[in-house]
Amino acid sequence: SGSVAGNSSSYLRSLTGYTTSFYAAYAEFRGLGSAIGAGRSGLSLEGAGAAGSISSSTIRDGYRALELSGSSGIRVFWNKLFNHADVGLRLAGAGGAHQLRWNLVMANDNIGIALRGTQDYNTLADNLVFGNGNHGLSIGTLGNTISRGRAFANALDGFIVSGGQNQVSELRSYDNMGAGITVTGSSNTISGSVVEGSTAVVVSGSTGTIIERSRLESLSGSGLWVRNGSVNLTLRLSAVSASTAAVFIDHGNTGLITIASNTIERGAWYGVYAATQAYGAALWISSNTILTTLSTALAYSGREPARWM
């Protein structure tokens with residue numbers, strides 16, 4: 001199809017349950033999908049029985065490139081999805097256990113890759129998301145493994161994790177207009193990653209977030225910003241650099257907040273800055289290396305927490 005992006009009534013929809021019945025490889029899909037009503041993806045695999053794979057293909061210049069809706073176990077490898085009026089790749093409804101690997105998702109007007117509904121326990125590895133008009137990658141489901149991806153030059157955050165029990169490792173996020181990574185869900189772990197942003201990592205209203213063995217860098221704000229009533233956060237074995245507070249523990253968090261065995265690098269005004277926390281909060285700040293050109297290594301503002309450890 002050669003239709004104007006977002007205005008075509010053409011689309012390809014598969015409901016087949018045979019794993020070999022839908023197979024696309026080395027194909028090109030152009031100008032598919034529609035913005036009418038709830039929107040129609042150019043290519044969609046839908047329903048509990050839908051199965052198949054898409055590899056080494058290009059989906060471009062449409063409304064929404066690819067949707068996996070209510071389906072499970074789809075393999076999406078080595079594809080290019082770009083220049084769409086909505087999301088590049090969306091998982092919606094029930095289902096999950098998909099494998100999304102080595103895909104390039106760029107220059108879409110909305111989110112690059114979005115996981116929604118109960119599309120849980122997916123594997124995303126080595127995907128590159130850049131130049132999208134919203135977040136690069138938005139994870140709103142449970143139990144996913146996200147590794148070795150890169151997000152850069154997106155209009156909002158590089159990665160946003162609003163689901164729970166996700167394992168995020170070896171990511172690179174840089175040159176996005178928002179934060180490098182924002183975490184709002186529960187029991188998520190970020191490890192082995194290099195994250196840059198106006199704020200490198202924002203943890204907002206989250207429970208049980210762990211950040212470890214990572215590098216957090218901000219040229220204009222904080223390396224880590226903990227806010228909005230977050231509960232039980234751990235930052236450990238990481239390096240943090242920033243221009244304001246390397247670690248900013250904002251108002252009203254609770255539970256045990258642990259900042260341990262990190263290196264706070266030169267350049268920040270404060271190493272760790274803690275504002276007034278909720279009643280019962282405990283701060284454990286231990287075994288950190290805070291380099292000496294900082295204005296203040298450790299600062300606390302307002303009512304002290306229930307326990308310093």
> Run the side chain to side chain contact (heavy atoms under 4.5 Å, CB included) test on Phe82 and Thr58 for me, step by step, so that the C-alpha distance in whole Å, both residues' side-chain angles and the decisive distance to 0.1 Å come before the verdict.
CA-CA 8 Å; Phe82 62 91; Thr58 297; 3.7 Å; yes

> What salt bridge (Lys or Arg N to Asp or Glu O under 4.0 Å) pairs are there with at least one residue in residues 225-247, not counting sequence neighbours?
Glu212-Arg236

> Shortest non-hydrogen contact from Asn232 to Leu256?
OD1-N, 2.8 Å

> How would you list, by chain and number, every residue that makes a side-chain contact (heavy atoms from CB on, under 4.5 Å) with Asn176, sequence neighbours excluded?
Asn154, Ser173

> Under the criterion side chain to side chain donor-acceptor pair (under 3.5 Å), I'd like the reasoning laid out for Ser138 against Arg116: C-alpha separation, chi angles, the key distance, then a yes or no.
CA-CA 9 Å; Ser138 179; Arg116 297 290 183 264; 2.9 Å; yes

> Can you tell me if Ser222 uses its side chain to pair, donor with acceptor, with the backbone of Val247 under 3.5 Å?
no

> Kindly compute the distance separating CG (Leu137) from CZ (Arg150), expressed to the nearest 0.5 Å.
14.5 Å

> With a 4.5 Å cut-off on side-chain heavy atoms, are Asn188 and Val168 touching?
no

> Answer yes or no: is there a donor N or O on one side and an acceptor on the other, between the side chain of Gln119 and the main chain of Gly96, under 3.5 Å?
yes

> Name the orientation class of the two ring planes belonging to Phe248 and Trp225 (parallel below 30°, tilted from 30 to 60°, perpendicular beyond 60°).
parallel

> Check whether any side-chain N or O of His98 sits under 3.5 Å from a backbone N or O of Ser71 as a donor-acceptor pair, and report yes or no.
yes

> For residues Gly205 and Ser230, report the shortest heavy-atom separation together with the two atoms involved.
N-OG, 3.1 Å

> Is it the case that one hydrophobic cluster holds both Tyr174 and Met106, taking links as side-chain heavy atoms less than 4.5 Å apart, direct or via other members?
yes

> Identify, with sequence neighbours excluded, every residue that meets ring pair (Phe, Tyr, Trp, His ring centres under 6.0 Å) alongside Phe130.
Phe152

> For the CG atom of Asn262 and the CG atom of Leu237, what is their distance to the nearest 0.5 Å?
7.0 Å

> Same cluster for Leu142 and Leu124 if Ile/Leu/Val/Met/Phe/Trp/Tyr side chains link at under 4.5 Å?
no

> Could you tell me if the side chain of Ser147 sits less than 4.5 Å from the side chain of Gln167, heavy atoms only?
no

> For residues Ile160 and Leu171: do they belong to one hydrophobic cluster (side chain heavy atoms under 4.5 Å, members Ile, Leu, Val, Met, Phe, Trp, Tyr)?
no

> Test of understanding: with side-chain contact (heavy atoms from CB on, under 4.5 Å), list the residues that count as partners of Thr209, not counting sequence neighbours.
Val183, Val203, Ser206, Ile211, Leu233

> Please name the pair of heavy atoms, one in Gly229 and one in Asn253, separated by the smallest distance, quoted to 0.1 Å.
N-OD1, 3.5 Å

> Does the Asn144 side chain pair with the main chain of Asn122, one donor and one acceptor, at a distance under 3.5 Å?
yes

> Taking the side chain as every heavy atom from C-beta outward, state whether Val87 and Glu67 have any atom pair closer than 4.5 Å.
no

> Apply side-chain contact (heavy atoms from CB on, under 4.5 Å) to Thr184 and list each qualifying residue two or more places apart in sequence or on a separate chain.
Ser162, Thr182, Ser204

> Does Asn103 have any side chain to side chain donor-acceptor pair (under 3.5 Å) partners at least two apart in sequence or in another chain, and if so, which?
Asn79, Asn127

> Determine whether Ile181 and Ile111 fall in the same hydrophobic cluster, where Ile, Leu, Val, Met, Phe, Trp and Tyr are linked whenever their side-chain heavy atoms lie under 4.5 Å apart.
no

> Restricting to side chain to side chain donor-acceptor pair (under 3.5 Å), what partner residues turn up for Arg148, sequence neighbours left out?
Asp126

> Could you walk me through whether Thr141 and Leu91 pass the side chain to side chain contact (heavy atoms under 4.5 Å, CB included) check?
CA-CA 9 Å; Thr141 61; Leu91 277 58; over 6 Å; no

> Who are the side chain to side chain donor-acceptor pair (under 3.5 Å) partners of Ser214, not counting sequence neighbours?
none

> Which residue is it: Val105, Leu89, Leu66, Asn83? I am looking for the one with a side chain to side chain contact (heavy atoms under 4.5 Å, CB included) to Ile59.
Leu66

> For Ser55 and Tyr23, work out which heavy atoms get closest and say how close.
OG-OH, 4.3 Å

> Got a second to check how far Ser287's OG is from Ile259's CD1, nearest 0.5 Å?
12.5 Å

> So how far is it from Ser53 OG to Gln99 CD, rounded to the nearest 0.5 Å?
11.0 Å

> Ala27: which residues meet the side-chain contact (heavy atoms from CB on, under 4.5 Å) condition with it, sequence neighbours left out?
Phe29, Ser57

> Looking at Gly223 and Ser218, what are the two nearest heavy atoms and their distance?
N-CB, 4.2 Å

> Could you tell me whether the side chain of Gln277 reaches within less than 4.5 Å of the side chain of Ile249, counting heavy atoms only?
yes

> Answer yes if Leu43 and Leu115 sit in the same cluster of Ile, Leu, Val, Met, Phe, Trp and Tyr residues linked by side chain heavy atoms under 4.5 Å apart, and no otherwise.
yes

> May I ask you to list the residues sharing a hydrophobic cluster with Trp102, side-chain cutoff 4.5 Å, ordered by chain and number?
Phe77, Trp78

> Evaluate the criterion side chain to side chain contact (heavy atoms under 4.5 Å, CB included) for residue pair Val272 and Asn288; output intermediate values, then yes/no.
CA-CA 10 Å; Val272 178; Asn288 298 285; 5.8 Å; no

> CG/Asn108 to CZ/Arg90 distance, rounded to the nearest 0.5 angstrom?
13.0 Å

> For residues 195-202, which side-chain donor-acceptor pairs fall under 3.5 Å, sequence neighbours excluded?
from, atom 1, to, atom 2, distance (Å)
Ser198, OG, Gly178, O, 3.3

> Could you tell me whether Glu217 and Arg215 have a side-chain N and a carboxylate O separated by less than 4.0 Å?
yes

> Is any side-chain heavy atom of His84 less than 4.5 Å from a side-chain heavy atom of Arg64?
no

> Going by the rule side chain to side chain donor-acceptor pair (under 3.5 Å), which residues pair with Asp109 if we only count those two or more places apart in sequence or in a different chain?
none

> Could you state the interatomic distance from OG1 (Thr263) to CG (Leu291), rounded to the nearest 0.5 Å?
7.0 Å

> Which is it for Val226 and Leu235 under the side chain to side chain contact (heavy atoms under 4.5 Å, CB included) test, yes or no, and what are the steps along the way?
CA-CA 11 Å; Val226 185; Leu235 173 68; over 6 Å; no

> So do Ile146 and Ile139 actually touch side chain to side chain, heavy atoms under 4.5 Å?
yes

